[in-house]
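We name chains A, B, ... by the order of the sequence lines, and we start the count at 1 in each one.
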Number of protein chains: 2
Amino acid sequence: MTESDERAAPTLEEVARVAGVSRSTVSRVINDMPGVSKRAKEAVTEAIAALRYVPNQAARSLVTRRTNSIALVVSEQGDRVFGDPFFAGVLRGVSAGMSAGHRQLVLMMGRTDVDDSVANYLCGGHVDGAVVVSLHGHDPLPKRLADAGLPVVVVGRPLGDTAVPYVDSDNMSGSLQAARHLVEIGRRRIATIAGPEDMAVGIDRLTGWRRGMTEAGLKPDLVVHSDFSGKGGAAAMAELLDRDPDIDGVFAAADIIAVGALRTLADKGRRVPEDVAVVGHDDSILATSTTPALTTVRQSVEELGRSATWRLLAQLEGETHLPPSVLLPTELVVRASTLIRP
Amino acid sequence: MTESDERAAPTLEEVARVAGVSRSTVSRVINDMPGVSKRAKEAVTEAIAALRYVPNQAARSLVTRRTNSIALVVSEQGDRVFGDPFFAGVLRGVSAGMSAGHRQLVLMMGRTDVDDSVANYLCGGHVDGAVVVSLHGHDPLPKRLADAGLPVVVVGRPLGDTAVPYVDSDNMSGSLQAARHLVEIGRRRIATIAGPEDMAVGIDRLTGWRRGMTEAGLKPDLVVHSDFSGKGGAAAMAELLDRDPDIDGVFAAADIIAVGALRTLADKGRRVPEDVAVVGHDDSILATSTTPALTTVRQSVEELGRSATWRLLAQLEGETHLPPSVLLPTELVVRASTLIRP
DNA sequence: CTGAAAGCGCTTACAG
DNA sequence: CTGAAAGCGCTTACAG
């Protein structure tokens, strides 16, 4: 009859009583602090096991001001997030980056530029820090979090002049290489299907392509923007062909966009790469599943997530002299969509 | 100089002082409780805005014993989770199911049958409840959580006799239909590539197929197990053909397994459906991307996640008379892989 | 090496 | 309608 009728969770107090020590001592054992006799430690360990004691996190973090969890914030509607290989990759990277400590991951979704319930939650002391992905326009979220004293790392360069650290792929260099490659294989009417205008990823890839065009003495005038979808890519390609039927090269700001472009090119009777050479971006699973396989700019999405998480955790550990931001290398991978067989 | 040098978060105490009321009153306003004069309410609202006050969640949940967050536990290694359309679907469903309240989702991964850090966390009062997916074998997690008083809903029937509520697709009926369909189109040497033996989903789909075979007077002896991967499916199909080269029908316990089986059948020169008819399970994105398109048992993975979440939240709201478990319907979708064109 | 006591920031009866 | 006070379950100086 020693069992209480209620299945109330045992507290540190009860552990102390069972072990015959003070609360302080129990706390020291739990937190693995020095200065506890072997005898006391054993008694406490035994009591914990007997009572199946688990520390109450709320009480703990009320005093330590630590929650041992970090948030991954994806500024998109939930349904757009899942199934997109980009987010899957980032999530995998974040997940891998956390493995060391026994921190937990809180996943939050929703357009943070138009709804501030996410910001409120984050400022409520619920998490120790946040990795933020897919910011749109001049989203005030990073600044707001920084002002609230919450450590943040952004995946993908944020727009505006907020000084929050970020991790990004070197989109500019990759796109420059893509443009140069199209020039090198002899293309002269080269277009680009750029990404969203309100995201740095769209802007930077466009800038790199422009630079490649300019240095080759070509006019960077064939530009159409698209969202990251096959449908968008298909429509953009159609518009480009309307504007100039003689296009012989296209750089798409994402493989998924390139997939749509390929569809339109096939519909309009253009051979790839003979008539039009196509370069994508990401080297995602899509790049090798198209016919022909896509020449593309490789970036490691998973590494993006892993680096951001590493940066965040390092900051939480109190490390100083951390790089304000990190740029991961990109690399051109040449495949059949730009390769004319002899 | 009214600003403090430290950017310490304002507390309820300070809000009370600024608003000229007691802490109780501020608390009432924050929690939208009745019995506050309009005047007091306004003063508090103003003070909250001025101080940019956000309630401290730890303090709040220490007393209310509520965290306003629920966990989605996936008992798999992180890298296996992302990119698998099944988990993406469940996650989408859970996410959709939570939209109502402003609860947060904590995503946890790791084999809970061999590592109890997840269980410890969940018992630490960090979340109000949990949706658990992809349980293997006789994982003690559900029982442990139930014992700790944490509301749990499992996606996919758990093995063993734990009385936790679960949501599952009607795997048995779907598989029975698959077997009957193969019989109806005249197949006689029908094999199955079953799922993992240590998961109910594997067992139930095998049981359904067996029943279909038996009722047709066929011997249910051509069985090989596989994990949920294309590679596994390919190997299993090869083994089946070794055991009986005259196989003319196959039911694969998942589309991804069927994809592997199709590859092996092509390699061995078997035409689908002429020589071997193939039925998959799930009606995932894969089913319509193969050649030929797959006849398959449709289940709504997203609905699985949504229902489980609904059940959990209803329980948290104190609703009674909730169904102990829910079985969602499955349906056979006939496509080219079992359809012989005249 | 150990314990008594204060305090983290809230909510909740209770009394007015 | 309002406020003073107790208490949630921990950690952390502080004193011994």
Side-chain angles (χ1 to χ4, degrees), chain A residues 4 6-45 47-48 51-68 120-121 123-126 128 148-149, chain B residues 4 6-45 47-48 51-68 120-121 123-126 128 148-149:
Chain A
S4 63
E6 280 261 277
R7 270 214 174 277
T11 69
L12 186 145
E13 176 97 45
E14 302 176 51
V15 174
R17 189 168 48 224
V18 170
V21 298
S22 73
R23 301 207 311 262
S24 314
T25 299
V26 177
S27 180
R28 286 185 193 106
V29 172
I30 289 169
N31 295 298
D32 214 32
M33 303 181 93
V36 181
S37 70
K38 204 178 157 199
R39 202 166 149 282
K41 192 174 216 159
E42 280 172 7
V44 170
T45 310
I48 286 174
L51 294 169
R52 297 183 134 276
Y53 170 74
V54 181
N56 177 307
Q57 273 300 333
R60 181 178 263 179
S61 64
L62 177 55
V63 32
T64 60
R65 293 164 172 294
R66 275 267 183 158
T67 65
N68 287 321
N120 282 332
Y121 179 87
C123 292
H126 242 313
D128 298 333
Chain B
S4 62
E6 281 261 277
R7 272 213 171 280
T11 69
L12 187 145
E13 176 97 50
E14 302 177 50
V15 174
R17 191 169 48 223
V18 170
V21 298
S22 72
R23 301 205 313 258
S24 313
T25 299
V26 177
S27 181
R28 286 186 192 104
V29 172
I30 289 169
N31 295 297
D32 216 33
M33 305 180 92
V36 181
S37 69
K38 203 178 160 200
R39 202 167 149 284
K41 192 175 216 156
E42 280 172 5
V44 170
T45 310
I48 286 175
L51 293 170
R52 295 182 134 280
Y53 169 74
V54 182
N56 178 307
Q57 273 301 333
R60 181 178 264 179
S61 64
L62 177 55
V63 32
T64 60
R65 291 160 175 297
R66 276 267 184 159
T67 66
N68 288 321
N120 282 331
Y121 179 88
C123 294
H126 243 312
D128 297 334

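- One atom, CE of B/M33, and another, C1' of C/dT11, lie 8 Å apart when rounded to the nearest Å.
- Closest contact between the side chain of A/T25 and the listed nucleotides D/dG3, C/dG3, D/dT12 involves C/dG3.
- Rounding to the nearest 0.5 angstrom, the gap separating the OG atom in B/S61 from the NE2 atom in B/H126 is 9.0 Å.
- Taking atom CG of residue B/L12 and atom C1' of nucleotide D/dA4, one finds them 14 Å apart after rounding to whole Å.
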Distances under 3.5 Å only, N/O to N/O: pair up the protein atoms with those of nucleotides 14-16 of chain D.
none

Inset, instruction - Go through the steps for B/N31 and B/R60 under the test side-chain contact (heavy atoms from CB on, under 4.5 Å), then give the verdict. - result: CA-CA 11 Å; B/N31 295 297; B/R60 181 178 264 179; 3.5 Å; yes
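- Using a 4.5 Å heavy-atom cutoff, the side chains of B/T11 and B/N56 are not in contact.
- To the nearest angstrom, P of C/dC10 lies 15 Å from CG of B/N68.
- Taking both residues in full, the closest heavy atoms of A/N68 and A/D128 are given as N-OD2, 2.7 Å, listed atom of the first, atom of the second, then distance.
- Sorted by first and then second residue, the salt bridge (charged side-chain N to carboxylate O under 4.0 Å, His left out) pairs with a member in residues 27-38 of chain A form an empty list; sequence neighbours excluded.
- For A/E13, the salt bridge (charged side-chain N to carboxylate O under 4.0 Å, His left out) criterion is met by A/R23, not counting sequence neighbours.
- Put simply, CD1 on B/I30 is 14 Å from C1' on C/dT12, counting in whole angstrom units.
- Phosphate contact (OP1/OP2 of C/dG3, side-chain N/O of A/S22, threshold under 4.0 Å): present.
- Of all the heavy atoms in A/T25 and A/A40, the pair that sits closest is CG2-CB, 4.2 Å.
- Between B/L51 atom CG and C/dG9 atom P there is a gap of 14 Å when expressed in whole angstrom units.
- Distances from the side chain of B/S24 to the nucleotides C/dT11, D/dC10, D/dA4 place D/dA4 closest.
- The two residues B/V18 and B/A47 have their closest heavy-atom pair at CG1-CB, 3.7 Å.
- Atom SG of A/C123 is separated from atom CD of B/Q57 by 12.5 Å, given to the nearest 0.5 angstrom.
- Here the CG atom belonging to A/L12 is positioned 8.0 Å from the CD1 atom belonging to A/I48, to the nearest 0.5 angstrom.
- A heavy atom lying under 4.0 Å from DNA chain C marks the following residues of residues 57-67 of chain A, by number: A/L62, A/V63, A/R65.
- Within residues 37-45 of chain A, the residues having any heavy atom under 4.0 Å from DNA chain C are, by residue number, A/S37, A/A40.
- For the pair B/P10 and B/L51, the tightest heavy-atom approach, listed with the atom from each and the gap, is CG-O, 3.4 Å.
- Between the CZ atom of A/R23 and the P atom of C/dG3 there is a distance of 12 Å, rounded to whole Å.
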Legend entry - Dot-bracket notation for DNA chain C, counting Watson-Crick and G-U pairs under 3.5 Å, with | for partners on another strand: |||.||||||||.|||
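- Rounded to a whole Å, the CD atom of B/E13 is 12 Å from the C1' atom of C/dC8.
- Separation of atoms CD1 (B/I30) and OG1 (B/T45) is listed at 9.5 Å; rounding is to 0.5 Å.
- Taking atom CD of residue A/E14 and atom P of nucleotide D/dG9, one finds them 9 Å apart after rounding to whole Å.
- Within the 4.0 Å cut-off from OP1 or OP2 of C/dT11, at least one side-chain nitrogen or oxygen of B/N31 is found.
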